[in-house]
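Only a predicted model underlies this, so the values are computations on that prediction, with no experimental measurement involved. Numbering starts at 1 and runs along the sequence shown.
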Amino acid sequence: MSLLSPHNDQPLIQRKQSFGSLEMVNMELDKQLDLQQPFGVDYGKLENGLVYYVKCNPKPRKRASLALAIKVGSILEEEYERGVAHIVEHLAFSATKKYTNHNIVKFLESIGAEFGPCQNAVTSFDETIYKLLIPIDKPELLSEAIQVLAEFSSEIRLSKDDLEKERGAVMEEYRDNRNANGRILDAYWTLMMEGSKYADRSPIGLENVIKTVSSQTLKKFYQKWYHLCNMAVIAVGDFSDTKSVIELIKTHFGHKYSALDPPSIPHFKVPSHEAPRFSYFVEPEASGSAVMISYKMQVDELKTMKDYREMLVKSMFRIALNRRLFRISRRKDPPYFSCSVASYVLVRDLKAYIMSSSCKEKGTLEALESMLIEVARVRLHGFSEREISVVRDLLMSSIESAYLERDQIESTSLRYEYSQHFTHNKPIIGIEYEAQLQKSILPDILASEVSKFAEKLWTSCSCVIQIVEPQAFASVDDMKNIVMKINKLENERSISPWDDEQIPEEIVSLKPNIGNIVQQREHENIGATELILSNGMHVCYKCTDFFNDQVLFTGFSYGGLSELPENKYFSSSMGSTIAEEIGMYGHRPSVLMDMLAGKRVDVDVEVRSYKRSFYGDCSPFYLETAFQLVYQLFTTEVTPDDEVIKRVMQVKEETILARERDPYTSFSNRAREINYGNSYFFRPFGISDLQKVDPLKACKYFNTCFMDPSTFTVVIVGKIDPTVAVPLILKYLGGIGKPPEPIFHFNCDRIKSLPFKFPKSMTREVVCSPMIEAQCMVRICFPIELKHGTMEEEIHYTGFLAKLLETKLLQLLRFKHGQIYSASVSEFIHGDLPCLTGDIGGDIQIDFSCDPKISLKLVDIALNEILRLQEEGPSDQDVETILEIEQRAHENGLQENYYWLNLIIGSYQSRIYSGDIGTSFKILDETRSKVRNLLTPLTMQLALRRIMPRNNPHTVVILMPQTSWLKRIKSFSQWTLHGIDMKQDRILTKEERVRRHMS
C-alpha cells in the first residue's frame, strides 16, 4: 500500500511565518479590484459562445472534477411548465443521442464514478449544474466524460418513453419534499418573494405538471433555453497541462452551434417593502417551535477595496451577534434553546440575513422579543472593542488557514467557485490576494463601524417574520405587538447595554507533571510511530502532508453503556450532554468559546455502547491547545449545576415531544423493536425515562469515563512535526495522572454485548401513522452472522454485498421501473472488537421511500432481485463496477487524513489485534486485497448465499399514511396470509403525550 505522504521539510514555524510576512496592501478604498479575469484559471470563450474554465489541481490525484453550468433554472418556466427544468435535468442521465437506457450512469459507474456522489446534477431558480467527478488515470476517460457534458448541452433525447420511466422518480423526489420542513420552507419562501415570479417557481415544480407534462413541452423548453451562450464547461483536475484539456473541450463542443438569435435570459426583480410581513404557521408535524426573521437586501457588489472592506464588516457583525446569541441560549431560563444569524444568497441578485431560533413550545413570542431586542441593543449601544477583537482574531485565523492550504484545495471546491463566477458573477481574486487584503484591512475596522450595520436590520427594511408552532398558541397580531413593543423600547432607549463576561487567560490552571516514554515502536508499513507513556496511555501518530493546517486525533477506551443495568442506564446515557453544558473542560461553554477565539481547535467526546472516546481536529499551530483540552477533560470533575440541569432537561423533553409529532418516529421505533428487541438499550428515550435521570449520577458516571489514561489509545494523524508534538504529548497526555485503582470494575476482555434479538421467523408489518401528506418508507432487514475464523474476510464480503444490492436495486427500482428516487443499503456489524469472541451478528438493511400505493409491489421486486442474485449470481459487469467504485474510493481515501485515522483505529479495534498495530494493519490490508482478488460473480453469489441464506428470516416494515380500516384491508389483503400486523397512531396533544410517557 502506497503511503502517499512524501516528507515535507518545511518546518511549521517557517510556514507560520510565511503568512506573517505577507506584504500589506496599500489601502486606496476607491481602487478598482481586477475582476475581469478570474484568478488562477484558464478562462475563455469559444466562437459559439461557450465559456470554459480549466485549472490544473492535484487534489485529489488522478481525478478531475467537471461541470456544465447553465444559466437556466425554474424561474424561466411558464405556469404550465412548472417543474420542467428539473425534469429535463433528470432525463439527461436517462438518454441522449449517443447514450440510451441510462448508459451514461452505467459507463460512469464502470470507471468508478458512483451515481450520486460522483455523477449528479442540481436545478435551482436561476441555474442548472451537471457535475462529474471522474478518474483520469486512463487518457480516454477525460475525453469521454467531456463528451457526456457535450451530450447534456444539446443532445438530451426527451422521448415520451424516457419521460414515462422517470416520472415516478421525480414524483418521489417531490413527495420527499412534502414533509413538515418542506411545507414550512415553502410557506416562508412564498411570503419572502411575494410580488415576484420567484414566489411560485420552486424548482421541484407542481405535482400535476410532473404527472401530466408532455415530452413535447420538455423539448420546447430545452430547445428554447439550452444554448451554448448560456453555458460554461468547468474542468478542474490533476492534468499535466490545461492546453490539452481546452483542446478536448473544443473537440466536443466546438462544432456545436446555438440558434442564430437565442432569447436573452430575462431578469426578475423582487420588490422591497417597508411594512414587515408576518406568518404564524401551524404545522402539526413540526420538529419543534421556531422563529425566523429575515432582512432582505441586494447582493453585495465587489468592485473596489471599499466594497471588500464592507464585506468584512458585515461578516464581523454576523459573527459578533452570533456569539451574543449563543451566550443568551446558555443563560438561566433562556428565551430559546439555540439561535443564530446567517447570510444567504436567495436568488441571483438578492440575499438575506436570516435569524433563526428554536425554542420551547409556547415560547415563540418570548424568543421573537429576545431576537429583536439583541439587534436593537447593537443599534443603541454597539459592540465592545473586546468583542470585535475576538471576531478579528477569528477571521484572521480563518484566512491564515486558507492561505496555508491554498495549494491543497479540493477540485470540487474550485469547481463550485468557478460555477458561481459564471452564474452569479461572483468575483475570484485568489487566496493570496484575499489574505493580503484581510491582513491589511481587519486591524483597522473598529467596533463602531461593525455596529453600524445593525441600521440595515430594521423591521421596516424588507423584513419577514415567521413563527412555526405545532399548535396555535398566539397570532399574527401578537407578533405585530412584539415588534411595536421593541420599537417603543428602542425609541425610549430603554434597552440596557450588553453585559460582557470576564474571560480567563489560561485553559490549564495547574501545570501537569510531565510523563515519559516507556516504549517506542516504528511501524514502517503504516508510516507511524507508537508510544507507550508512563501513565499507560498508548499514542500512535502518523505524519502526513495532505493538508498543511490539519491534525486529527481520536482517543478511545473499551467499556461503555452496555455494561449498565437499567437502573443506571438512563442517568449515565445523559452524562455527556449534561457535562458538555456544565463545562467538561473546566470552563463553561460560553467562556471557553472566547478563550479559543482565533485558535483552530475543536474537541468533543462520545460515550457509546462498547467504547468511550474523545476526538477532534486542530491546526498544527494549536496542537498544544487541543492537548490542553484533553488534559482538562481527564482532570476536571464535573458537578451538577441546577440552572444547567433545568435547561438540559427542558431541551431533552422538547426533543422527545417533537419526535412524537414526526410520522417517521413510530415507524423507526417499531422497526428497531422488531429487528433488535425491546431492551432498554434500543427503546427511544421517553419522558418517563427522563424522569429517572439523576444529575449527580450522570456527572459521576461521566467523570469515571474519562479518568484513567492507562486504558486509552490515542491516534493522531496530520501535519505533525514530531519535535514539537512529542514534548506536548508527554506534557499533557503523559501528564494525566493514573488513578491508584481501576475505575471500571469489569473484565475488559469480556465486554458485555448488547442483547440483539432478531425475530426467528419472517415478519412483515405496516405501521400506519397520521400524516398531513402521504409519505411511505420501506425498510427490509436481513440478519447476518459472521464466523469467527473468517471474520475479517466476511466483513469485506458484507461491504461488497451491500454495494452490489444498492447498485442493483437502484438500477431496477429507479432506472427500470422509475418508482423511487434513491435507495440505500447499509451493513451493521454488532461489534468487531478484540474483546468480543465468537461469531458476531449484524444485519443488512435496505431503505427506500415510494408511493404508498405501490410499496408492496416494490418490496416484492426487491426481494425477487435478491433471490435472483442468490440463484443466478451477478454479472461480470456488476462485479467489475463495484470493484471499481471501491478501488476509486480507496485511492481517494489514501489522500485524506480522516481515512488514515480510521484505518489505524480500525487496526487497533479489530479482533485480530494482539498488541502489534503494524501486524494487524498488514493483515487487514492483505485481507482487503485477497477478497478483491477473489471477487467474481461466483464468489459474490456464494457470499450472498452464505451471509444472507434463503432460509434466514427477514423483516419488512412499511410506514403508511393512516387511512380507514376498510381501505387498509383492501390494500394489504395479499399480506394477510403472512400474518400482517398493522399499528396505528394518532397525533396527541402535548399533555396527552406527557401523560402517555408517564404511565
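Using a distance-only test at 3.5 Å, with no hydrogens or angles considered, a donor-acceptor pair links the side chain of Arg945 to the main chain of Gln870. Side chain of Glu172 to main chain of Cys850: a donor-acceptor pair is present (N/O by atom type, distance under 3.5 Å, no hydrogens or angles). Ser855 places no side-chain N or O within donor-acceptor distance of the main-chain N or O of Asp851, the cut-off being under 3.5 Å. Side chain of Asn902 to main chain of Tyr898: a donor-acceptor pair is present (N/O by atom type, distance under 3.5 Å, no hydrogens or angles). In this structure, Ser562 contributes its side chain and Lys752 its backbone to a donor-acceptor pair below 3.5 Å. Panel note: side chain Arg814, backbone Gln819; no donor-acceptor pair is recorded below 3.5 Å. The backbone N or O of Arg61 sits less than 3.5 Å from a side-chain atom of Gln895, completing a donor-acceptor pair. Under the 3.5 Å distance criterion, the side-chain polar atoms of Lys692 are left unmatched by any main-chain donor or acceptor of Ser571. A distance-only check finds no donor-acceptor pair linking the side chain of Ser679 to the backbone of Pro755 [under 3.5 Å]. Using modelled atom types, one side-chain atom of Ser907 and one backbone atom of Leu903 make a donor-acceptor pair closer than 3.5 Å.
Test His796, Glu886, Glu792 against Arg928 for side chain to side chain donor-acceptor pair (under 3.5 Å) and you get one pass: Glu886. Tested against Gln887, the residues His890, Glu884, Glu891 include a single side chain to side chain donor-acceptor pair (under 3.5 Å) partner, Glu891.
A donor-acceptor pair shorter than 3.5 Å can be found between the side chains of Ser875 and Asp878. No hydrogens or angles considered: a donor-acceptor pair under 3.5 Å links the side chains of Ser557 and Arg612. In the model, Asn675 has a side-chain atom that pairs as donor or acceptor with a side-chain atom of Thr955 under 3.5 Å. If you check the side chains of Asn678 and Arg683, you find no donor sitting under 3.5 Å from an acceptor. Remark: the Ser849 side chain and the Asp176 side chain contain an N/O donor-acceptor pair separated by less than 3.5 Å. For the residue pair Thr529 / Glu522, a side-chain donor-acceptor distance below 3.5 Å is found, with atom types taken as modelled. Defined by atom type and a distance below 3.5 Å, a donor-acceptor pair is missing between the side-chain atoms of Ser110 and Glu880. Remark: the Glu530 side chain and the His523 side chain contain an N/O donor-acceptor pair separated by less than 3.5 Å.
Residues Val539 and Leu533 meet the side-chain proximity criterion, which asks for heavy atoms closer than 4.5 Å. Within the 4.5 Å cutoff, the side chain of Ile904 has heavy atoms near those of the Cys540 side chain. Residues Ile882 and Met940 are in side-chain contact: their nearest non-hydrogen atoms beyond the backbone lie under 4.5 Å apart. Side-chain contact between Leu924 and Ser910 is present, with at least one heavy-atom pair separated by less than 4.5 Å. Between Ile780 and Gln845, every side-chain heavy-atom pair lies at or beyond the 4.5 Å cut-off. Met777 has its side chain out of reach of Gln775: every pair of non-hydrogen atoms, C-beta onward, lies at least 4.5 Å apart.
When all heavy atoms of Ile526 and Trp900 are compared, the pair lying nearest together is O-CZ3, 4.1 Å. Leu883 approaches Arg932 most closely through the heavy-atom pair O-NH1, 3.0 Å. For the pair Glu410 and Phe547, the tightest heavy-atom approach, listed with the atom from each and the gap, is OE2-CZ, 3.8 Å. The minimum heavy-atom distance between Ser666 and Val767, with the atom names listed, is OG-CG1, 3.7 Å. Considering every non-hydrogen atom in both Leu564 and Phe681, the closest pair reads O-CZ, 3.6 Å. The two residues Pro937 and Val879 make their nearest non-hydrogen contact at N-CG2, 3.7 Å.
Using the six-membered ring where Trp is involved, Phe553 and Phe614 have ring planes that are tilted, between 30° and 60° apart. Using the six-membered ring where Trp is involved, His954 and Phe782 have ring planes that are tilted, between 30° and 60° apart. By the 30° and 60° cut-offs, the orientation of the rings of Tyr680 relative to Phe570 is tilted. Taking the six-membered ring where tryptophan is involved, the planes of Phe682 and Tyr676 are tilted, since the angle between them lies from 30° to 60°.
For the pair Lys922 and Glu926, the salt-bridge criterion is met [side-chain N within less than 4.0 Å of a carboxylate O]. Salt-bridge annotation for Arg868 and Glu871: absent, with no side-chain N of the basic residue lying under 4.0 Å from a carboxylate O of the acidic one. A salt bridge links Glu806 to Lys803: one of the charged nitrogens lies within less than 4.0 Å of a carboxylate oxygen. For Glu794 and Arg946, the salt-bridge test passes: some basic side-chain N is under 4.0 Å from an acidic carboxylate O. A salt bridge links Arg521 to Asp916: at least one charged side-chain nitrogen sits closer than 4.0 Å to a carboxylate oxygen.
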Practice prompt. Evaluate the side chain to side chain donor-acceptor pair (under 3.5 Å) criterion for residues Gln811 and Thr807: first the C-alpha distance (whole Å), next the side-chain angles of each, then the deciding distance (0.1 Å), finally the verdict.
Written response: CA-CA 6 Å; Gln811 289 175 359; Thr807 302; 6.0 Å; no
Discussion item. I'd like to know whether Gln520 forms a side chain to side chain contact (heavy atoms under 4.5 Å, CB included) with Ile532, so could you lay out the CA-CA distance, the side-chain angles of the two residues, the decisive distance to 0.1 Å, and finally the verdict.
Written reply: CA-CA 6 Å; Gln520 178 170 335; Ile532 300 178; over 6 Å; no
Fill in: Audit row: Asp137, Arg888, salt bridge (charged side-chain N to carboxylate O under 4.0 Å, His left out) steps and yes/no
CA-CA 11 Å; Asp137 47 359; Arg888 298 305 188 179; 2.6 Å; yes
Practice prompt. Take Arg608 and Leu561, measure what side chain to side chain contact (heavy atoms under 4.5 Å, CB included) needs, and give me the verdict at the end.
Written response: CA-CA 6 Å; Arg608 304 193 69 176; Leu561 297 172; 6.0 Å; no
Worksheet item: Hey, mind stepping through Phe685 and Ser573 against side chain to side chain contact (heavy atoms under 4.5 Å, CB included) and telling me if it holds?
Response: CA-CA 10 Å; Phe685 213 102; Ser573 64; 3.5 Å; yes
Fill in: Worked verdict on Leu809 versus Ile820 for side chain to side chain contact (heavy atoms under 4.5 Å, CB included)
CA-CA 10 Å; Leu809 292 178; Ile820 67 168; over 6 Å; no
Item to complete: Could you give me the CA-CA distance, side-chain angles and deciding distance for Glu673 and Arg670, then say whether salt bridge (charged side-chain N to carboxylate O under 4.0 Å, His left out) is met?
Response: CA-CA 5 Å; Glu673 182 181 1; Arg670 183 58 184 149; 3.2 Å; yes
Practice prompt. Let me see the working for Ser710 and Asn535 under side chain to side chain donor-acceptor pair (under 3.5 Å), right down to the final yes or no.
Written response: CA-CA 6 Å; Ser710 67; Asn535 60 5; over 6 Å; no
Item to complete: Just do the ring-ring contact (aromatic ring centres under 6.0 Å, His included) check on Phe115 and Phe815 with the steps written out, would you?
Response: CA-CA 12 Å; Phe115 184 71; Phe815 300 140; 5.2 Å; yes
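Annotation: Tyr610 is not in aromatic contact with Tyr558 [ring centroid separation under 6.0 Å not met].
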